Amino acid sequence: MTGGSLGLRSASYGSLQQHLQISLLPNSFPSPPPPPLLLIPRKPGKMTKDKERLFPWICKFAGRKKVGMLFLCVLSAAVFGWVLYVGKGEDAPDHVPSVRLSNRTALSYEESVAYGVQNTSPEYFAGYVLPPGNPCENFVSPPPPADKKRTGPRPCPVCYLPVEEAIALMPRAPSHSPVLRNLTYFYEEHSSKTEFGGSDFGGYPSLKQRNDSFDVRESMTVHCGFVRGTKPGHGTGFDIADADLLDMEQCRGIVVASAIFGNFDLLRQPKNISDAARKNVCFYMFLDEETEEYLRNTSILDQSKNVGLWRIVLVRNLPYTDPRRNGKVPKLLLHRLFPNARYSIWMDGKLELVVDPYQILERFLWRKNASFAISRHYRRFDVFVEAEANKAAAKYDNASIDFQIEFYRREGLTPYSEAKLPINSDVPEGCVIIREHIPISNLFTCLWFDEVDRFTSRDQLSFSTVRDKIMSQVKLNINMFLDCERRNFVVQGYHKDVLEHMAPPLSVIRHPPLSSLQPPPPPPPTPPKILTEKAQTRKTPPRRGKGRRRGNRKTAAGSRDDNSS
């Protein structure tokens, strides 16, 4: 039985959650119990006499058993009608105004725990529409400038809401996770290698386990890194100090994370960050021992473990020898490193954040009602084309790339075409990932990491395969936005090795305006040089004029040739 206009499942006497949510609403009050039924004796009427006459008449034509069954049916119908009447009166009394709980009034997970309420029928964030007249409602990015000299990628305008409005629109309830409710992860102290691929850090899932992990169910257990430890970051490879792990567990809202491994990039500070974000958003930078030592030697990092907004976390016992592959751990598994965070923004170490995190989340997640957002490649849309580009740029060895693409092709991967619309690309630009930490998006990044662990570290090649396998069963809300929009909120720099080989910029000398310059003093006279007559004869240039003969030049040239030989 549904509970009136609140849309909550309850028993006939209501529930604690229902009364609590009504009491939390403004201008509302709990409904009083229905008035008790008063039994007043009265004189038997004509209907009673008719019933007394009717009962012997029924018994005359029917047996006792049939009369008993008929009496029980009538009594059951009467009791059922009374229960319906009382239940309706309790659930929706006439004097209580009709109230509908939206995502603004639904209890969040933290509030439910604080009030001791078991949220048996939780509310989910269902998106919103900007009010009419909002400048961002019908904003259309202008076309790129027609500059033939600049043919590469560039940023384009993006309409962000003010920080205060973005914070006000932050959902209090999580987004809906279709089908999947409970996601757990494999713990394997001793794992053995299977057909191909895998690692000690990510495990060695068999092909059967891989295929089963794409079968989305209500409760699932999958490989998701950190397989050898009881806790991510503790005895698993990619090890983090206990004090840092404790701080990371305290991050319960938004986390912005990045990493520099192999001393590969410069440490860049976020800009244009609001006071609210500085206070409430967690900024974490993961470093290996090589990078941390460099920062200490350059006096950038001290004992406080903070560099500007970044909270520095030192990682030991890295699971891979390739720094780029080590970077995939925090990039795709932030939900395991920050188990209590609701949202995360990942950015590669070469990027500089220049827009407030609240504005980014509002623009690319909440306004789009998406749980995962990533920009698509500015030029390539097809995985097969991307694979050839990786081989041409020597991003990975060609044999491994060919093996991965052939494996996907046999599974059914086809070149991108308009038949895949509304999916607009198969190739992401994966240097920025914006997502909500709910079970379905966590499953997506776990399985994406498994592909990176099994095949090449080029995550652009495996993205569409994992996405399409999950979306073939459930709805996964992914926002693949324009790459020029990504370049609006992050500034892309060069890796450190590229900067070291680049020529230093030319120094520009700025002169003051001419009006402020005084005329320079005349140079002092130089004393005349006294030359001998022989020197004067030798250094006096030949006379140039009409009287000069052309034969003189030939004679002089001939004399030089004779001297050189």
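All residue numbers in this chain count up from 1 along the given sequence. Keep in mind the model is a prediction, meaning the values are calculated, not measured. Every heavy atom of this structure was used, including side-chain atoms; hydrogens, water molecules and symmetry mates were not.
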Partner residues of [X] under the side chain to side chain donor-acceptor pair (under 3.5 Å) criterion, sequence neighbours left out:
X    : answer
Q404 : Y408, T456
N424 : none
E165 : none

Salt-bridge test for R487 and E429: reply yes if a basic N is under 4.0 Å from a carboxylate O, no otherwise.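 Here R487 does not pair with E429 in a salt bridge, since their nearest N and O are not under 4.0 Å apart.
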Pair K368 + E485, salt bridge at N-O below 4.0 Å: no
Quick one, Y160 with D356, criterion side chain to side chain donor-acceptor pair (under 3.5 Å). Give me CA distance, side-chain angles, the key distance, then yes/no. CA-CA 10 Å; Y160 302 102; D356 191 84; over 6 Å; no
Any donor and acceptor pair, going by atom type alone, linking the side chain of [X] with main-chain N or O of [Y] inside 3.5 Å?
X    : Y    : result
T184 : M220 : yes
R367 : L130 : no
D288 : F261 : no
Q460 : E386 : no
N306 : S304 : yes
S177 : I438 : no

Apply ring-ring contact (aromatic ring centres under 6.0 Å, His included) to residues F364 and F489 and explain how you reach the verdict. CA-CA 11 Å; F364 297 102; F489 62 85; 5.4 Å; yes
Using the six-membered ring wherever Trp is involved, compare the ring planes of F238 and F201 and label them parallel, tilted or perpendicular (cut-offs 30° and 60°).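 Aromatic pair F238/F201 classed tilted.
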Working for salt bridge (charged side-chain N to carboxylate O under 4.0 Å, His left out), residues D244 and R311: CA-CA 9 Å; D244 293 330; R311 171 72 158 82; 3.0 Å; yes
Residue pairs passing the side chain to side chain donor-acceptor pair (under 3.5 Å) test with at least one member in residues 461-482, sequence neighbours excluded, are D426-R467, W448-S462
Listed partners of C251 passing disulfide bond (SG atoms under 2.5 Å apart), at least two apart: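 Once residues adjacent in sequence are excluded, the partners of C251 under the disulfide bond (SG atoms under 2.5 Å apart) criterion are C282.
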Counterpart residues, ring-ring contact (aromatic ring centres under 6.0 Å, His included), relative to F372 (two or more places apart): F444
Carefully, step by step, assess H223 and S213 under the rule side chain to side chain donor-acceptor pair (under 3.5 Å). CA-CA 8 Å; H223 286 82; S213 64; over 6 Å; no
Tell me whether the guanidinium CZ or amine NZ of R458 lies under 6.0 angstrom from the six-membered ring centre of Y396 and within 45° of its axis.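 No cation-pi geometry.
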Could you check whether R336 makes a cation-pi contact with F226, meaning its NZ or CZ is under 6.0 Å from the centre of the six-membered ring and within 45° of the ring axis?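 Ring-cation test returns no.
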So do [Y] and [X] actually touch side chain to side chain, heavy atoms under 4.5 Å?
X    : Y    : answer
L180 : V474 : no
N211 : D215 : no
Y284 : D247 : yes

Pair D275-K279, salt bridge (charged side-chain N to carboxylate O under 4.0 Å, His left out): steps then yes or no: CA-CA 6 Å; D275 293 337; K279 180 180 179 181; over 6 Å; no
